[in-house]
2 protein chains.
Amino acid sequence: MAAAITVLDRLLEIGELFQKDMARAFSGTPLTPARTRVLWDLAHSGPSTQHALAARLEVSPRNITGLVDALEAGGYVTRSPHPTDRRAIIVSLAASAEQFMHQMQREHADLTADLLGAVAPADRPALERGIDAIAARLRELVAVEEARRADRVEAKA
Amino acid sequence: MAAAITVLDRLLEIGELFQKDMARAFSGTPLTPARTRVLWDLAHSGPSTQHALAARLEVSPRNITGLVDALEAGGYVTRSPHPTDRRAIIVSLAASAEQFMHQMQREHADLTADLLGAVAPADRPALERGIDAIAARLRELVAVEEARRADRVEAKA
DNA sequence: AGGTAATGATGTAGTACCATCACGATATGG
DNA sequence: CCATATCGTGATGGTACTACATCATTACCT
């Protein structure tokens with residue numbers, strides 16, 4: 001059982017190390033984890049309204065306003081009016097930021113290759129299956145938790 | 001190579017899900033991730049001065065002051081004078097908090113067992129070896145980064 | 001059409017976390 | 001005994017987020 005406990009602890013450790021590494025990589029720039037998440041999503045989903053951004057990142061629309069303010073001030077992002085809905089604002093990656101994101105993705109891929117290189121080749125398929133299974137189970141547990149909470153809120157109404 | 005990228009993404013996802021789960025578990029209590037980290041360290045290392053706490057958690061001493069303030073107000077922790085050094089303050093876990101931490105460790109173990117149960121038994125040994133290898137490699141990379149930064153600071157002096 | 005409700009963004013106010021600078025109190029080495 | 005380092009904390013500022021209220025715009029409904 002001791003070994004089993006180690007697996008979860010290692011996973012937590014890996015998560016922490018990643019965060020620390022990111023934070024160091026962005027020190028000196030106005031980029032923070034939350035702002036980088038916005039850039040990442042824009043690179044992935046393309047230009048979006050702030051509302052759509054808020055929904056995908058699961059934060060309040062008000063929060064997006066502030067994050068986009070900072071990114072716009074830094075030149076990472078531009079705001080433009082929505083073509084048909086005059087209430088909405090479209091947020092797009094600036095050209096320089098797109099280049100920046102490409103570099104980030106390249107580094108991400110390099111890091112993946114490096115880390116996977118540390119695993120014995122014979123172990124890799126099982127590792128992948130195992131990690132997928134753990135992620136799936138965790139997603140399931142979180143979904144159950146969330147459903148329970150939604151029920152509780154509904155019961156109150 | 002697409003599969004390889006997936007592994008790292010899954011690991012990142014697992015980290016995020018864990019954080020989200022923790023945050024929800026503590027909503028309603030005055031506990032936050034940072035404060036829980038303090039409790040965790042105290043449960044692990046025993047009563048400490050605030051300075052020692054700050055060093056182990058790698059945050060500023062000033063930050064510890066605030067965290068301990070909150071934990072003390074919630075009754076999780078007690079402050080007492082250092083027996084020989086009148087500048088220093090010893091922070092100890094309150095009895096109720098010790099019980100609380102035991103419960104947390106139990107839940108932690110239960111979650112580990114649950115997640116590992118989702119993995120095919122034949123894959124578990126390889127999964128464990130793989131995760132250990134990745135964590136070790138990542139630790140190594142972070143250490144190298146840190147050493148480089150330390151050198152740069154030294155070069156300036 | 002005309003009124004009402006929903007939506008998109010933002011202002012205000014408040015909480016939490018973290019960092020840096022400065023300071024008073026205490027300890028310690030020469 | 002004095003210079004210096006250490007321990008905790010006040011003050012200040014930046015970031016991340018929330019809830020509530022506001023205002024313009026749009027959608028819906030009879």
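A, B, ... follow the sequence lines: proteins, then strands. Residue 1 opens every chain.
One atom, CG of A/D69, and another, P of D/dT15, lie 12 Å apart when rounded to the nearest Å. Remark: P of D/dT6 and NE2 of B/H82 are 15 Å apart, rounded to the nearest angstrom.
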Distances for protein N or O near nucleotides 25-27 of chain C N or O, under 3.5 Å:
residue, atom, partner, partner atom, Å
C/dT26, O2, B/R87, NH1, 3.3
C/dA27, OP1, B/R86, N, 2.6

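Between A/R10 and B/A135, the shortest heavy-atom contact is CD-CB, 3.5 Å.
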CA sep, side-chain torsions, deciding dist, call: A/Q103, A/Q99, side-chain hydrogen bond (donor to acceptor under 3.5 Å, both in side chains): CA-CA 6 Å; A/Q103 185 196 335; A/Q99 207 173 348; over 6 Å; no
Please lay out, stage by stage, how A/F100 and A/L31 fare under the test side-chain contact (heavy atoms from CB on, under 4.5 Å). CA-CA 12 Å; A/F100 179 80; A/L31 293 179; 3.5 Å; yes
Check residues 62-77 of chain B and write down every donor-acceptor pair under 3.5 Å in which the side-chain atom is one partner and the other belongs to a residue at least two apart or another chain.
residue, atom, partner, partner atom, Å
B/T65, OG1, B/P61, O, 3.4
B/D69, OD1, B/R79, NH2, 2.2
B/E72, OE1, B/R79, NE, 3.1
B/E72, OE1, B/R79, NH2, 3.3

Could you tabulate the donor-acceptor pairs under 3.5 Å formed by side-chain atoms of residues 85-92 of chain A, not counting sequence neighbours?
residue, atom, partner, partner atom, Å
A/D85, OD1, A/R87, N, 2.9
A/D85, OD1, A/R87, NE, 3.1
A/D85, OD2, A/R87, NE, 3.4
A/D85, OD2, A/R87, NH2, 2.8

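Residues of residues 59-68 of chain B having a heavy atom closer than 4.0 Å to DNA chain C, listed by number: B/V59, B/S60, B/R62, B/N63. Contacts with DNA chain D (heavy atom under 4.0 Å) in residues 47-58 of chain B: B/T49, B/Q50, B/H51, listed by number. Within residues 33-45 of chain A, the residues approached by DNA chain D to less than 4.0 Å at the level of any non-hydrogen atom are A/A34, A/R35, in residue-number order.
A salt bridge between A/K20 and B/E58 is present, with a side-chain N of the basic residue lying under 4.0 Å from a carboxylate O of the acidic one.
Every residue two or more places apart in sequence or in another chain that forms a side-chain hydrogen bond (donor to acceptor under 3.5 Å, both in side chains) with B/R139 is listed here: A/E13. Listed by chain and residue number, B/S45, B/L53, B/R56, B/L57 satisfy the side-chain contact (heavy atoms from CB on, under 4.5 Å) test with B/D41 (two or more places apart in sequence, or in another chain). By the side-chain contact (heavy atoms from CB on, under 4.5 Å) test, B/F18 pairs with A/L8, A/L12, A/L138, B/I14, B/L111, B/L115, sequence neighbours left out. With sequence neighbours excluded, the residues forming a side-chain contact (heavy atoms from CB on, under 4.5 Å) with A/Q105 are A/W40, A/H102, listed by chain and number. Residues passing the side-chain contact (heavy atoms from CB on, under 4.5 Å) test with A/D123, sequence neighbours excluded: A/V119, A/A120, B/A126, B/R129. Listed by chain and residue number, A/E140, B/D114 satisfy the salt bridge (Lys or Arg N to Asp or Glu O under 4.0 Å) test with A/R137 (two or more places apart in sequence, or in another chain).
Between C/dT10 and A/R79, a contact under 4.0 Å exists linking OP1 or OP2 to a side-chain N or O.
Residue A/D21 holds its CG atom at 8.0 Å from CG of B/L141, rounded to the nearest 0.5 Å.
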